[in-house]
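Read through the structure below, which is laid out as structure tokens, and then see the notes.
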2 protein chains.
Amino acid sequence: MRTLTRKGAATRQRILEGAAAHIREYGVAATTLDDVLARTATSKSQLFHYFPGGREELLLAVARLEADHVLEDQRPQLGELTSWPAWRSWRDKVVDRYRRQGRLCPLNAVMSQLGGATPGAQAVVTELMRRWQAEIATGVRHMQDAGEIDPALDPDRAAAALLAGIQGGVLIQMSTGETTHLEAALDMGIAHLRAGA
Amino acid sequence: MRTLTRKGAATRQRILEGAAAHIREYGVAATTLDDVLARTATSKSQLFHYFPGGREELLLAVARLEADHVLEDQRPQLGELTSWPAWRSWRDKVVDRYRRQGRLCPLNAVMSQLGGATPGAQAVVTELMRRWQAEIATGVRHMQDAGEIDPALDPDRAAAALLAGIQGGVLIQMSTGETTHLEAALDMGIAHLRAGA
DNA sequence: TCAAAAATGGACTGTCAAGTCCAGAAACCG
DNA sequence: CGGTTTCTGGACTTGACAGTCCATTTTTGA
């Protein structure tokens, strides 16, 4: 696979998105390569042509795709945390996003399937967390510059705590189906920022 | 299996604990029934004798076992959140527990393997979260009665937020190996309680 | 003590899914 | 064009693992 023709790129994309869709619907464990082939009208040889590493490589690619979605779905609010209403608006967007998504969290699913073991898988999540936290921290600094948050507060640590709350809230939602915890965590995190005004 | 002889109960227990141990070491996906049999010096017929539901039933039993450990490992501190030093002590215990555990989180692993789908699996986690949150909330109420926390604060909601932070902190630790987020979340959660003194 | 119930060993089966292979079709490019 | 690369179809191999079965041994309790 030195180069990729237009047709080839399209096929690769079709497989990737088909896999992602199937995983979102049925979960990782219940997704076989044959399922993906059936859904995308492709053949084994095509899948292994574009993903020589087989199932694992495909899963990793799906993880990357989903990881990108996570931040994209928070745009533009995540990048504009420059006023309290903006924070509120972001908070609502996050809650809404995960409420829509329901119980399934494709990324978490794929991750625990690949096992934290594989270095590639770990990198995807770590990188996502790093970027997510950095964007939140930037928002905190904005507010500090505007005099809305106590300058003594460590923006990275505050962002870390908030991020952890979000992750946990989503995780709990996966079992309960409720976004109560996610909302509580976000509200508390933001309230804590405000408290140090 | 109308009744269980002493010997039978011992064998069942051996299988259960052997499975839990193997899962903690190698993860769920990398744990086959044969692995468990080899490790516990038992045979297929024994495993299916005590866990007629096969792999799924065994995994569920392991999940229950691990879920019980989670709260037990926080004793006695979790039940005695009656002063700020006590909260601090609990916080340290939680951090220490997960630091020791390292990257693996058997419960989360088992859960995502069983898929949130199965009703039994869901119940285990939901119940654990409910109890955990209730104990934290009780601690908050204690502090309110003692006049250390603003009575206007909703104890259940605060506990929910704190719990979410813990879950997320642990989840992130599974990828990064660091307890930074867990600590940040706990510290922020407790600080927020204190703020409303 | 002895018959019934429980426990055990381990070979066997069936299934299912990942990954391989090669022949042939389509696309690219000088 | 025509040779070369890329792409595609799908049958086949391989291996692994969950679950079954039955004969045999051990324990129980009257």
Side-chain angles (χ1 to χ4, degrees), chain A residues 1-20 22-23 25-63 109-110 113-115 117-118 120-121, chain B residues 1-20 22-23 25-63 109-110 113-115 117-118 120-121:
Chain A
M1 190 176 40
R2 186 53 53 80
T3 62
L4 226 55
T5 69
R6 174 171 300 191
K7 192 179 174 191
T11 301
R12 196 196 125 99
Q13 192 66 11
R14 196 150 38 94
I15 293 174
L16 181 56
E17 284 170 3
H22 200 278
I23 287 173
E25 283 177 47
Y26 304 98
V28 188
T31 298
T32 72
L33 298 188
D34 291 313
D35 288 334
V36 175
L37 301 183
R39 168 188 283 255
T40 59
T42 47
S43 66
K44 270 275 168 72
S45 65
Q46 283 171 290
L47 196 154
F48 280 87
H49 184 65
Y50 298 109
F51 301 93
R55 181 184 167 85
E56 183 162 328
E57 187 177 339
L58 178 60
L59 250 39
L60 197 57
V62 170
V110 171
Q113 187 75 11
L114 286 168
T118 66
Chain B
M1 190 175 41
R2 187 52 54 79
T3 64
L4 225 56
T5 70
R6 174 172 299 192
K7 193 178 173 192
T11 301
R12 197 196 125 98
Q13 192 65 12
R14 196 151 37 94
I15 293 174
L16 182 56
E17 283 170 5
H22 199 278
I23 287 173
E25 283 177 48
Y26 304 98
V28 188
T31 297
T32 71
L33 297 188
D34 292 313
D35 288 333
V36 175
L37 301 182
R39 167 189 282 256
T40 58
T42 47
S43 67
K44 269 277 168 72
S45 65
Q46 283 172 292
L47 196 153
F48 279 87
H49 184 65
Y50 297 109
F51 299 93
R55 180 184 168 86
E56 183 162 327
E57 187 177 340
L58 178 59
L59 250 39
L60 197 56
V62 170
V110 171
Q113 187 75 10
L114 285 167
T118 66

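Throughout, a chain's letter reflects where its sequence line sits, starting with A, and its residues are numbered from 1. The structure displayed is predicted, hence computed values, not measured ones.
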For a quick test of reading the model, state the closest non-hydrogen atom pair linking A:F48 to A:G54 and the distance between them. CE2-CA, 3.5 Å
Can you tell me which residue pairs pass the salt bridge (charged side-chain N to carboxylate O under 4.0 Å, His left out) test with a partner in residues 42-56 of chain B, sequence neighbours excluded? B:D34-B:K44
By side-chain hydrogen bond (donor to acceptor under 3.5 Å, both in side chains) - contacts of B:S43 (at least two apart): B:S45, B:Q46
Please report the distance, rounded to the nearest Å, between CZ in B:F48 and C1' in C:dG10. 14 Å
Taking atom C1' of C:dA18 as reference, at what distance in whole Å does atom CD of A:E57 sit? 14 Å
All N/O contacts under 3.5 Å from nucleotides 9-11 of chain D to the protein, with atom names and distances to one decimal?
{"unit_1": "D:dG9", "atom_1": "OP2", "unit_2": "A:Q46", "atom_2": "OE1", "d": "2.6"}
{"unit_1": "D:dG9", "atom_1": "N7", "unit_2": "A:S43", "atom_2": "OG", "d": "3.2"}
{"unit_1": "D:dG9", "atom_1": "N7", "unit_2": "A:S45", "atom_2": "OG", "d": "2.3"}
{"unit_1": "D:dG9", "atom_1": "O6", "unit_2": "A:S45", "atom_2": "OG", "d": "3.0"}
{"unit_1": "D:dG10", "atom_1": "O6", "unit_2": "A:S45", "atom_2": "N", "d": "3.2"}

If every non-hydrogen atom of A:G120 is compared with every non-hydrogen atom of A:L60, which pair is closest and at what distance? C-CD1, 3.7 Å
Quick check: do B:L47 and B:L37 have side-chain heavy atoms less than 4.5 Å from each other? yes
Using the 3.5 Å cut-off, write out each protein N or O paired with an N or O of nucleotides 24-29 of chain D and the distance between them.
{"unit_1": "D:dT26", "atom_1": "O3'", "unit_2": "B:K7", "atom_2": "NZ", "d": "3.4"}

Within residues 26-35 of chain B, the residues having a heavy atom closer than 4.0 Å to DNA chain C are none
Is the shortest heavy-atom distance from the side chain of A:L4 to the side chain of A:Y50 under 4.5 Å? yes
Heavy-atom closest pair (B:A63 atom, B:V110 atom, distance to 0.1 Å) is CB-CG1, 3.8 Å
From CD of A:Q13 over to C1' of D:dC7, roughly how many Å is that when rounded to an integer? 17 Å
Please report, rounded to the nearest Å, how far the C1' atom of D:dC17 is from the CG atom of B:L59. 14 Å
Verify the contact: side-chain N or O of B:Y50 to OP1 or OP2 of C:dT8, cut-off strictly under 4.0 Å; return yes or no. yes
Protein-nucleotide distance (A:R12, atom CZ; D:dT6, atom C1'), rounded to Å: 15 Å
Tell me: CG of B:L47 to P of C:dG10, nearest whole Å? 15 Å
Rounded to whole Å, please give me the gap between NE2 in A:H49 and P in C:dA25. 18 Å
Straight-line distance of B:T31 OG1 to B:R39 CZ, nearest 0.5 Å: 8.5 Å
Rounded distance in Å - CG (B:L37) to P (D:dG19): 12 Å
Close side-chain approach of B:V62 to B:V28, heavy-atom, < 4.5 Å: no
For residues 13-20 of chain A, dump all side-chain donor-acceptor pairs below 3.5 Å to protein atoms at least two apart in sequence or in another chain.
{"unit_1": "A:Q13", "atom_1": "NE2", "unit_2": "A:E17", "atom_2": "OE2", "d": "2.8"}
{"unit_1": "A:R14", "atom_1": "NH1", "unit_2": "A:T40", "atom_2": "O", "d": "2.5"}

How many angstroms lie between CG in B:L59 and CZ in B:F51, if you round to the nearest 0.5 Å? 10.5 Å
